[in-house]
Amino acid sequence: MTGHSEMPTAGAGPAPRVSLQLLGGFRLLHDDVPVVVPRGLQRVIALIGLRPAATRSHLAGLLWPETSEERALSSLRTALWRLRQDPCCPLLTDGDTVRLDPTVHLDTDELVDVAARVRDGEVPDAVRVAGRHDLLPGWYDDWVLLERERLRQLRLHMLEQLACNHLAAGRHGEALEAALEAMAAEPLRETPHRLVVRIHLAEGNAFEAVHAFYVYRDLLLRELRLEPSPAMGALLDETLAPIRHATRPPSPRPGVTARSRDVTGR
């Protein structure tokens with residue numbers, strides 16, 4: 001593991017700002033300068049960043065699941081020894097656990113923090129870009145797949161909550177942007193489409209609301225042979241009620257059957 005700049009010696013100045021980026025790909029930065037990390041050691045650093053409270057046995061089992069516990073622990077000890085030989089090492093050992101140095105900025109932590117602030121009703125500046133990229137694309141370890149899906153769902157719910165917050169405050173434009181962002185991330189997910197319909201209705205744009213409903217309905221039928229949920233259809237009941245009433249065939253007069261109408265022409 002090598003960097004393009006030397007770590008400062010004692011008294012030479014402030015410590016470098018260290019960042020670990022896992023969204024969109026692995027990158028370790030010291031003062032925005034990339035540090036070259038071999039792929040095998042990338043996996044160790046990434047897992048420790050994502051599982052800060054995991055024991056050595058747990059880490060070893062996740063990193064080398066097909067080997068014995070003894071051999072996996074030996075491989076972990078070797079990897080940690082190699083990492084500690086480099087002054088750019090971002091890890092700290094604490095008893096039976098290994099964790100990132102508290103000064104390391106981790107982008108997945110930022111996503112979690114932004115999502116929590118949105119749940120509290122805030123609108124953080126970084127909300128639209130937080131978590132926009134998948135966790136470690138191209139990595140297929142089981143622990144990566146699990147964390148990738150967890151963070152993907154976290155971002156989807158964050159954007160939907162943001163849209164709800166804006167809608168409740170009457171900020172329809174901002175609500176629509178957040179809902180469309182969630183829709184782009186998962187086009188078949190109903191919740192953002194439902195939000196778009198609600199936002200258009202709140203603005204009084206009945207045509208836009210009906211159009212958004214049928215665009216999603218056609219997409220769902222084409223891709224999954226499914227219909228939107230009754231809850232989504234219910235959003236348009238009041239809007240479509242006059243149209244349905246106007247196009248409903250008239251009820252027959254009491255005592256007049258279909259056969260008698262055919263005969264009489266009435």
Side-chain angles (χ1 to χ4, degrees), residues 14-35 37 42-55 58-59 62 83 88-94 97-139 141-169 171 173-186 189 191-192 195 199:
R17 182 180 184 273
V18 183
S19 299
L20 177 59
Q21 299 177 1
L22 304 179
L23 299 173
F26 182 99
R27 294 187 76 199
L28 181 64
L29 305 173
H30 280 240
D31 283 335
D32 297 325
V33 177
V35 177
V37 184
Q42 288 182 17
R43 293 175 67 247
V44 177
I45 295 173
L47 178 58
I48 291 171
L50 293 170
R51 303 286 181 88
T55 64
H58 186 55
L59 293 171
L62 290 173
L83 286 167
C88 295
C89 177
L91 305 179
L92 292 178
T93 302
D94 183 14
T97 62
V98 186
R99 58 188 176 87
L100 288 181
D101 188 297
T103 61
V104 176
H105 175 267
L106 183 60
D107 58 355
T108 56
D109 286 347
E110 181 180 359
L111 171 58
V112 172
D113 176 67
V114 170
R117 293 170 63 189
V118 170
R119 284 195 298 270
D120 291 339
E122 297 183 39
V123 185
D125 292 337
V127 65
R128 294 287 302 283
V129 297
R132 180 168 287 177
H133 301 291
D134 282 341
L135 176 75
L136 298 169
W139 293 32
D141 306 74
D142 288 343
W143 55 271
V144 174
L145 297 177
L146 180 63
E147 287 296 313
R148 183 181 298 155
E149 180 61 16
R150 181 182 73 85
L151 294 173
R152 189 181 77 89
Q153 290 291 334
L154 179 67
R155 181 170 187 263
L156 285 171
H157 283 90
M158 174 188 72
L159 290 169
E160 291 162 1
Q161 182 64 58
L162 180 65
C164 288
N165 294 349
H166 283 312
L167 179 57
R171 298 186 293 265
E174 292 89 338
L176 190 59
E177 286 184 11
L180 291 174
E181 184 85 14
M183 187 188 302
E186 183 46 80
R189 183 179 172 93
T191 311
L195 278 165
I199 294 163

Measuring only between side-chain heavy atoms, which start at C-beta, is Asp113 closer than 4.5 Å to Asp109? no

Criterion side-chain hydrogen bond (donor to acceptor under 3.5 Å, both in side chains) on Arg17 and Ser19, from CA distance to verdict: CA-CA 7 Å; Arg17 182 180 184 273; Ser19 299; 2.9 Å; yes

The side-chain contact (heavy atoms from CB on, under 4.5 Å) partners of Arg152 (sequence neighbours excluded) come to Glu149, Leu156, Glu186

Go through the structure and list residues passing side-chain contact (heavy atoms from CB on, under 4.5 Å) with Asp120, not counting sequence neighbours. none

Return the set of residues passing salt bridge (Lys or Arg N to Asp or Glu O under 4.0 Å) with Arg189 (not counting sequence neighbours), or none when no residue passes. Glu160

Can you list the steps and then say if Val35 with Leu29 is a side-chain contact (heavy atoms from CB on, under 4.5 Å)? CA-CA 6 Å; Val35 177; Leu29 305 173; over 6 Å; no

Qualifying residues under side-chain contact (heavy atoms from CB on, under 4.5 Å), relative to Ala179, sequence neighbours excluded: Ala163, Leu195, Val196, Ile199

Write down the atom of Leu136, the atom of Gly25, and the distance for their closest heavy-atom approach. CD2-C, 4.2 Å

Look up atom CZ in Arg27 and atom CD in Gln21, then write down how far apart they are to the nearest 0.5 Å. 5.5 Å

In Å and rounded to the nearest 0.5 Å, what is the CG to CE distance from Leu159 to Met183? 11.5 Å

For Gly131 and Leu23, which heavy atoms make the closest approach, and how far apart are they? CA-CD1, 3.9 Å

Using side chain to side chain donor-acceptor pair (under 3.5 Å) as the criterion, list what pairs up with Thr55, not counting sequence neighbours. none

Could you tell me which residues satisfy salt bridge (Lys or Arg N to Asp or Glu O under 4.0 Å) with Glu177, sequence neighbours excluded, listed by chain and number? Arg128

Could you pull out all residues at least two apart from Asp101 that satisfy side chain to side chain donor-acceptor pair (under 3.5 Å)? Thr103

Between the OG1 atom in Thr108 and the CG atom in Leu20, the distance rounded to the nearest 0.5 Å is 7.5 Å

Partners of Arg51 by salt bridge (Lys or Arg N to Asp or Glu O under 4.0 Å), sequence neighbours excluded? Glu147

Residues two or more places apart in sequence or in another chain: which of them pass side chain to side chain donor-acceptor pair (under 3.5 Å) with Arg43? Asp141

Closest approach of Gly49 to Leu106 (non-hydrogen atoms, all atoms of both residues): O-CD2, 3.4 Å

Going by heavy atoms in the side chains, are Val112 and Leu154 under 4.5 Å from each other? yes

Measure across Gly24 and Pro137 and return the closest heavy-atom pair with its distance rounded to 0.1 Å. C-CD, 3.6 Å

Can you name the salt bridge (Lys or Arg N to Asp or Glu O under 4.0 Å) partners of Arg148, sequence neighbours left out? none

What pairs meet the side-chain hydrogen bond (donor to acceptor under 3.5 Å, both in side chains) rule with one or both residues in residues 130-139, with sequence neighbours excluded? Arg132-Glu181

Taking every heavy atom of Thr97 against every heavy atom of Ala53, the minimum-distance pair comes out as CG2-O, 4.1 Å

The criterion is side chain to side chain donor-acceptor pair (under 3.5 Å); which residues satisfy it with Asp107, sequence neighbours excluded? none

Candidate list Ile45, Leu50, Val44, test side chain to side chain contact (heavy atoms under 4.5 Å, CB included), partner Ile48, passing option: Val44

Measuring from His157:NE2 to Thr191:OG1, what's the distance to the nearest 0.5 Å? 6.5 Å

side-chain hydrogen bond (donor to acceptor under 3.5 Å, both in side chains) test vs His166 passes for just one of Arg171, Gln161, Glu174, namely Arg171

Looking at every non-hydrogen atom in both residues, tell me the closest pair between Ala46 and Trp143 and how far apart they are. CB-CH2, 4.2 Å

Are Arg155 and Met158 close enough that some pair of their side-chain heavy atoms sits under 4.5 Å apart? yes

Can you confirm whether Val118 sits close enough to Pro124 that some side-chain heavy atom of one is under 4.5 Å from a side-chain heavy atom of the other? yes

